[in-house]
Amino acid sequence: MAETWQRQSPLARRMPLDGAARFAMTERAFLAKITVRGKVTDDAVRDALGVSLPGEPNTASSGEDHAILWLGPDEWLVVGPPESERKLSSTLATALPDAAVIDVTEGYATIRLGGPLARDVLSMGTPLDLHPRQFAAGAATRTLFARTTIILHKVSEDPVFDIHVERSQAVYLWTWLEAASRPYMDLNPTTRSV
Amino acid sequence: MMLIPCPWCGDRIDAEFTCGGEAHIVRPDPATASDAEWADYLFMRENPKGLHHERWFHAHGCRRWFHMTRDTVSHRIVAVYAITESAPEATG
Amino acid sequence: MKYSLWNLLRQAPRGHRDWPQAWRNPEPKESYDVIIIGAGGHGLATAYYLAKEHGITRTAVLEKGWLGGGNTGRNTTIVRSNYLWDESAHLYEHSLKLFETLSQDLNFNVMFSPRGVINLAHNEHDLKELRRRGHACRLNGIDYEMVTPREIKEIAPIINVSRSIRYPVLGGAMQRRAGNARHDAVAWGLARRADEYGVDIIQNCEVTGIDIRDGRVTGVQTTRGPIRADRIGAVPAGHASVIASMAGLRLPVESHTLQAMVTEPVKPVLDTVIMSNTVHVYISQSDKGELVLGAGIDGYNSYGQKGGINVIEHQLEGLCELYPIVSRLKIMRVWGGIVDIAPDASPIISKTPVEGFYINCGWGTGGFKATPGSGWVFAHTIAQDRPHRLNEAFNLGRFESGLLIDEHGAAAVAH
C-alpha cells in the first residue's frame, strides 16, 4: 500500500511559549512563501496581489493576505496564507513573465515572536539596531542571527516579529530562542529597556 | 570587527559578508597567456599594507557583490562602489 | 659564558649579577656578507645555521621591532611533522628532529616537550582523511597512529566524548613525538648562539628599500642608514609582500590576522595537545597552567594585529562543547599576529628572479614547528645559492609549473 504523504512542520513538536505579557513565540506553519527574482514592476504586482512592491531596501509591504519583503535589488519574498502556495505562485508567474518565481514554502519555517520583551530576546542574537526608530513596523531584512541566516520581518509595532528560517535550522533556532528568552521570562515587564 | 556599509542594506557587521579578495584582476586569454601570465593571474597578489581594493559579498543580507577600498592596517573604509565600476582614482 | 650547573653555582654567591649579556646590541656596520630581514625564529635560525653549518658569520639580522616580537612571540608553540605529502613530511620531520636536540645544541633550554599531538575526527570523512595521512606519514618514517575515543578520553580526561554532542568525537590520530616548545626560548637561544658566532642582531632597524643593480641586490636602505650586502634573505612572515615589493616582486601570499588566547592559569588538566579541524578548536596547557587556545584567521587581508571577536566566539563555542570543564574559565589575553597564507598552505623557501635575493615566507598559520628546519634549509639556499634537497620543491616556480604542495588538510586548524 502506498504511503500517504503527510505534511509536517519541522517545529510540529515544539510547544509555543505563551508569556503574552512578556514574550510569546509560536510557529506559523505552512505559510506560502514564494521568492521572486528578476524584472518586476510595481504595477504588475499590485494588479496581481493588491500589494505594492516595497520601494526601499530593508522594508516590506503588507496587504490583507500578503506581505512582500525586500531581499535584494531584484529579489523579494512573497508570503501568503497557509496552503495558498500553488495558487500564489501561478498568479505571480503569470503576472511576472520576466522573473523567476520559485515556491520555497517547504524550504522555510516561520516563527512569530511577540510581547514587550521580544526585542530584548532578539537582541541576544544580532547586533542589528532593533529600536523602533531604526527598525519600525514594516522593516524586513535578511541577516545573520545566532550564527544562522534568517529573514526578519517586523510585522507591527506591538511588537510582532516574524522570522523565516531555513527548514533545517528551524529546530536549532527555536531552541536557541527558548534559551535566550529564559532569563527574560522572570523579569517584570515594566523593566524592559527603552 | 568592522561595520561595513553595504550599498543596499546599509551598515552591517563584517560577519554578514564574505571577502572575495583583491579586485580588478584581469583574466588573461587562456589561449594565448604564457604560464607566467597565468600564474600571475591565478596566484600573485598585491597584498598591500595600506589601501586595498577588494570585492565583498553580502552573503547573509542582499547577496550582492560590491567593491570596497579599505586600509588593511586601520580597517578604515575609504570607498564603496559598484561591482561594475573601476577603482576610484583618488584612492589610488 | 656556557649555561651550566658549574657556572650557575659560581654565579650564585655573587647574586647572579655577573652573568654576561646574552647578545650584544651592535650598531649596524657598512657592509655584511649576508643580510637577513626579520629577527623572528626563522630569521635567527637562518643566521645561526649560516654560521654553524656554512661558516658565514659576517651576517646582520635586521629587525624593525624587537627580537622575537612578531609571530614568534604570538604563536601557540606546537611542533609536529604529521604532513601528507613527501616534500612537507621530510621538511617538517627534519625540523622536528632538530627540535629534539635543540636545547643541547643551543646550550639554552627551549623546553621542547614531546607530549603528543592528537587530531580529532568528528565524521567519517575526518576518519578517512586521518587514516590516509597516517599511512602516508608511516611510509615516510613518521609516527602517526589512530586512537579510539576511549583512548583519547584516557589521555585527556577533560574531553567530552559523548555521542550526543553536535560533533561527537569518533576517533583521532596521534603523533606521540610531537608536542610543543617555549617560543621565546627558541628565539632567545638562537639569538644568543648566533651572537656568539659574531652575527649582528640589529633591532629597531626597519628595512625601507632594497638596492638592486643589474638584476642583483647590492644592499638595503634602513631607518638606521644604508647597509651593503650582496646576499639578502627575507624572512618577514606577514610582511613578505611588503618586503618583496621593494625588490619589485609580487608573491602568491595574502596577509591575514590570526588570533590566539589564554585562559587564567589552572592546575594541570591536560598534558597533550588536541586539535580539531572540523570544529576549529585546539587546546594545550602551558607550564604556567594557562590553557592555550587558537582561533582561526579573519577572512580578509589585514596588517592590523587585532582580529574579529566573532572568530573568538566561534572558537569558544566549540571549545565549551568539547571541553565543558573550561566553560567557567576566564580568558586572560587575546592577541593577533599577521600570517602570510600561500594558496597551497605550504611555505615558499626559494631563490627569486632577483639575484642574491632569497625569500622564506608563506608559513601561514603554522610556522613555529618549522623554525630550526626552515632556518637550516634557508641557510643552505643562501650559502650555496641553490636550494637544499629538502626545500627544492618549495620554490616560487611551483605556482607557474603547477607543482603545488597542497597541505590544507595537514596544515589543519591554525596554530
Side-chain angles (χ1 to χ4, degrees), chain B residues 1-6 12-26 28 30 33-61 65-78 80 87 91-92, chain C residues 64 206 208 236-246 248-257 259 296-314 334 336 338-346 348 352-353 361-362 395-404:
Chain B
M1 177 154 295
M2 294 186 283
L3 211 52
I4 293 178
C6 167
R12 297 291 177 92
I13 55 157
D14 58 6
E16 286 198 1
F17 299 81
T18 307
C19 183
E22 187 179 324
H24 310 304
I25 296 173
V26 180
S34 68
D35 285 354
E37 286 166 340
W38 195 249
D40 194 75
Y41 158 69
L42 273 186
F43 298 123
M44 303 299 166
R45 295 294 177 263
E46 291 298 326
N47 194 23
K49 184 177 186 179
L51 291 185
H52 191 219
H53 304 301
E54 51 201 11
R55 299 171 302 171
W56 284 81
F57 176 57
H58 195 183
H60 299 285
W65 285 94
F66 59 94
H67 278 130
M68 190 161 104
T69 306
R70 180 181 59 95
D71 188 311
T72 57
V73 182
S74 66
H75 301 318
R76 193 167 57 94
I77 294 162
V78 178
V80 172
T91 56
Chain C
K64 70 170 176 164
E206 181 171 358
T208 55
H239 280 68
S241 296
V242 176
I243 295 293
S245 72
M246 294 175 190
L249 300 173
R250 271 150 60 87
L251 292 177
V253 296
E254 291 196 292
S255 299
H256 291 259
T257 302
Q259 297 181 93
I297 59 166
D298 279 6
Y300 45 85
N301 287 28
S302 174
Y303 286 88
Q305 286 173 324
K306 55 178 189 276
I309 193 73
N310 52 322
V311 177
I312 301 290
E313 190 185 0
H314 176 66
V334 180
I338 306 304
V339 298
D340 49 330
I341 312 247
D344 55 357
S346 283
I348 299 158
T352 69
C361 69
N395 59 51
L396 207 46
R398 73 178 188 267
F399 299 96
E400 209 173 302
S401 66
L403 296 171
L404 301 181

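Chain letters run A, B, ... following the sequence lines, proteins first, then strands; residues in each count from 1.
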| remark: Whatever's closer than 4.5 Å to a heavy atom in chain B on Val253(C) counts as both

| Could you state the interatomic distance from CD (Glu54(B)) to CD (Glu254(C)), rounded to the nearest 0.5 Å? | 9.0 Å

| note | The interface call for Ile312(C) against chain B, heavy-atom contacts under 4.5 Å, is neither

| Relative to chain C, which segment of Asp14(B) carries a heavy atom at a distance below 4.5 Å: side chain, backbone, both, or neither? | side chain

| query | Picking from Gly238(C), Gly308(C), Ser255(C), which has the most non-hydrogen pairs under 4.5 angstrom with chain B? | reply | Ser255(C)

| remark: One should read off an interatomic distance between Asp298(C) CG and Cys19(B) SG, to the nearest 0.5 angstrom, of 10.5 Å

| Contacts of type side-chain contact (heavy atoms from CB on, under 4.5 Å), residue Glu400(C), not counting sequence neighbours | Asp35(B), Ala36(B), Ala39(B)

| message | If we define contacts as heavy-atom pairs under 4.5 Å, which of Lys49(B), Glu46(B), Glu37(B) has the most with chain C? | response | Lys49(B)

| message | Are more than 12 heavy atoms, taken from residues, nucleotides or ligands other than Arg76(B), located less than 6.0 Å from that residue's CZ atom? | response | no

| Partners passing side-chain contact (heavy atoms from CB on, under 4.5 Å) against His75(B) (at least two apart in sequence or in another chain) | Met2(B), Arg70(B), Tyr300(C), Ser302(C)

| query | Would a 4.5 Å heavy-atom cut-off, applied to side chains only, mark Asn47(B) and Leu251(C) as touching? | reply | no

